[in-house]
There are 2 protein chains.
Amino acid sequence: MNKSSSKPFYVDADRLLLAVDCIIFGFERDGLKLLLFQRKVAPFQQEWSLIGSFVKTQESVRNAAKRVLKIHTGLTNVFMEELGSYGSVDRDPGDRVIAIAHYALMRLQEEDKQIAAEYKAQWFDIDELPALILDHQQMVEDALEKLRRKARYRPIGFELLPEKFTIPQLRVLYEVIYQRALDRRNFRKKILSMNVLEKLAEKDKTSSRKGAYLYRFIPAKYQEMVEKGVDFVI
Amino acid sequence: MNKSSSKPFYVDADRLLLAVDCIIFGFERDGLKLLLFQRKVAPFQQEWSLIGSFVKTQESVRNAAKRVLKIHTGLTNVFMEELGSYGSVDRDPGDRVIAIAHYALMRLQEEDKQIAAEYKAQWFDIDELPALILDHQQMVEDALEKLRRKARYRPIGFELLPEKFTIPQLRVLYEVIYQRALDRRNFRKKILSMNVLEKLAEKDKTSSRKGAYLYRFIPAKYQEMVEKGVDFVI
DNA sequence: TTTACAAGCGTAAAAATAACGCTTATCTTT
DNA sequence: AAAGATAAGCGTTATTTTTACGCTTGTAAA
């Protein structure tokens, strides 16, 4: 297919470069991480950067973001959402490029760290990021703010847990996102009062001698929460 | 300047059409309105549509949205915020076009209705919209949801009031946004407890015989609210 | 003068949040 | 085998916030 359109409409409009950039957050017990890459192309070759790609004529913006994520992490079923556009004229000295930033959330496991290494990528602690190219630092700040805000009215954090999880695990997750301690007992009460969790018979003993009961989300209730936007201020 | 870039980077990337579309909400005592236009160009000529424009190489995305707003309403100082991108491949049969939707909020006055008429535009009651082209209906729904959600943690509604306003006016505004009645007395209590309002000596008597005191936002406090994201659930 | 009505003021009940003590299960140490 | 340590789990109470709603006030119209 031709690079310039063969269709008869809109012939006078400018054609621009459109990119997607991904802010990939990783969740670990000791805090939030961010996946950064050493840029392969000029300008700013070798510098730390978010990962991105140009959007192709024959793919949707969302699919472009998914493609980027898959290519650079191997993952496909990750929570990802649009953050917004970064569209100032001079944001990229290489050319006029409009970026549509997306942020993704994943649970970090050992395997992911290996994958990262293969791609010259590295997980950084969220408070210890290196200098980033272009407006990527701004994107990260915006994504963090959006993530925290979103966590208050969407059960967003749940995306980061395995199918079976304990209440303390869920709490730690919110502590990491909100960056503050939550009362163990009040958290339990609040979350249970929502009636979205199903208690299982098994216990997880990896983090305490006593062991904590495993739970699972009740899909219907969980879906309800997503749609109605339950208040998750904890 | 050349339409295709003269810069040496990113030469292999596709160049796309990028548009901004504006969802323009108008606030009136009896409800929210939406400004719609009869499209001037093919395809879908003469059909009802949001207003938009292609983004030019030499303008930022945000400025493109501002330009659209100014050209079609004459207004410049209007609250406007990005809603998100609409980037599926086949959303516009005219060509591959990615749209970045923006929503704007304005207080509706008589003069605005006249302006609208000049541009073959029309204010519609939000519950009585005509069929819209492309994915514009979806954009409107998304914008409404975002507006309502946003109103809960940002003093967004304040953008819609004149400098001096009464508490009942502010309440009606939130009633219109939330689409439900708010208790007169509780609203007053809550809003006053936030300490963002300065009571003036004057009264506004246009909507009651007794008259309601006029208030003004205390700029510093207001700014604080915007930044900290005060909870505005009423 | 009376009436009508939105504005404004206050109180009390109910619900949600926050603070925190105590018990339990199980592993580790003595 | 007993004691100690620790995270999990259960419960109580105080505080704050939200909700419901009665009553008074000022002013124009009847």
Side-chain angles (χ1 to χ4, degrees), chain A residues 28-30 151-153 155 161-162 164-216 225 228-234, chain B residues 28-30 151-153 155 161-162 164-216 225 228-234:
Chain A
E28 241 184 356
R29 222 160 193 297
D30 60 331
R152 293 172 69 103
Y153 64 84
L161 292 174
K164 299 173 185 179
F165 54 88
T166 68
I167 290 182
Q169 276 169 22
L170 185 60
R171 175 174 51 81
V172 168
L173 188 156
Y174 274 93
E175 288 181 332
V176 164
I177 292 177
Y178 291 146
Q179 306 248 265
R180 69 183 174 92
L182 302 175
D183 185 274
R184 198 163 37 90
R185 297 148 290 189
N186 292 335
F187 181 87
R188 159 182 301 281
K189 242 181 307 180
K190 172 120 183 188
I191 204 83
L192 287 178
S193 75
M194 291 177 180
N195 295 314
V196 285
L197 298 190
E198 177 192 352
K199 189 178 185 173
L200 305 176
E202 312 161 66
K203 276 189 165 187
D204 172 296
K205 294 198 176 175
T206 56
S207 70
S208 81
R209 314 190 206 281
K210 182 179 178 180
Y213 281 104
L214 286 163
Y215 285 79
R216 182 162 50 196
M225 274 182 82
K228 287 196 184 166
V230 177
D231 190 15
F232 221 81
V233 183
I234 290 176
Chain B
E28 239 183 359
R29 225 161 190 293
D30 60 330
R152 293 173 69 102
Y153 64 85
L161 292 174
K164 299 175 186 179
F165 54 88
T166 68
I167 290 183
Q169 275 168 23
L170 185 60
R171 176 174 51 80
V172 169
L173 189 157
Y174 276 93
E175 288 180 331
V176 165
I177 292 177
Y178 291 145
Q179 304 249 266
R180 69 183 174 92
L182 302 174
D183 185 276
R184 197 163 39 91
R185 296 149 290 188
N186 292 335
F187 181 88
R188 158 183 301 280
K189 240 183 305 180
K190 174 120 183 188
I191 204 82
L192 287 178
S193 74
M194 291 177 180
N195 295 313
V196 287
L197 298 189
E198 178 192 352
K199 188 176 184 174
L200 305 177
E202 312 161 66
K203 277 189 164 188
D204 172 297
K205 294 198 176 174
T206 54
S207 69
S208 81
R209 313 190 205 280
K210 184 180 177 180
Y213 282 105
L214 285 164
Y215 286 79
R216 180 161 51 194
M225 276 182 81
K228 287 197 184 167
V230 177
D231 188 17
F232 221 82
V233 184
I234 289 176

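Naming convention: chains lettered A, B, ... in sequence-line order (proteins, then strands); numbering from 1 in each chain. On a predicted model such as this, the values are computed, not experimentally measured, just so you know.
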task = Give the B/S/- string for nucleotides 6-15 of chain D, one per nucleotide from 5' to 3', where a protein heavy atom under 4.0 Å of the base yields B, of only the sugar-phosphate yields S, and otherwise -.
result = SBBBBBB---
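In this structure, B/F187 places its CZ atom 17 Å from C1' of D/dA20, rounding to the nearest Å. Between the CG atom of B/L182 and the C1' atom of C/dA7 there is a distance of 16 Å, rounded to whole Å. What separates CZ of B/R152 from P of D/dT18 is a distance of 11 Å, to the nearest Å. One can place CD1 of B/I191 at 16 Å from C1' of C/dA7, the figure rounded to the nearest angstrom. Distance NZ (A/K205) to C1' (C/dT28): 14 Å, rounded to an integer number of Å. For the pair B/L170 CG and C/dG8 C1', the computed distance is 16 Å after rounding to whole Å.
Taking CG of B/L214 as the start and NZ of B/K205 as the end, the distance is 11.5 Å to the nearest 0.5 Å. Rounded to the nearest 0.5 angstrom, B/F187 CZ and B/I167 CD1 are separated by 7.5 Å. The distance from the CZ atom of A/R185 to the CZ atom of A/R171 is 10.0 Å, given to the nearest 0.5 Å. In this structure, the separation between CG on A/L170 and CZ on A/R188 is 11.0 Å, given to the nearest 0.5 Å. Separation of atoms CZ (B/R184) and CD (B/E175) is listed at 11.0 Å; rounding is to 0.5 Å. In this structure, OG1 on A/T166 lies 13.0 Å from OH on A/Y213, to the nearest 0.5 angstrom.
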Considering only distance and modelled atom types, tabulate donor-acceptor pairs under 3.5 Å from the side chains of residues 191-198 of chain B, sequence neighbours left out.
from, atom 1, to, atom 2, distance (Å)
B/S193, OG, B/K190, O, 2.7

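Five base pairs at each end of the helix from C/dT1-D/dA30 to C/dT30-D/dA1 define two local axes, and these are offset by 10° (rounded to 10°).
Taking only side-chain nitrogens and oxygens, A/K190 never comes nearer than 4.0 Å to OP1 or OP2 of C/dA16.
The closest side-chain heavy-atom distance from B/K203 to B/K210 is below 4.5 Å.
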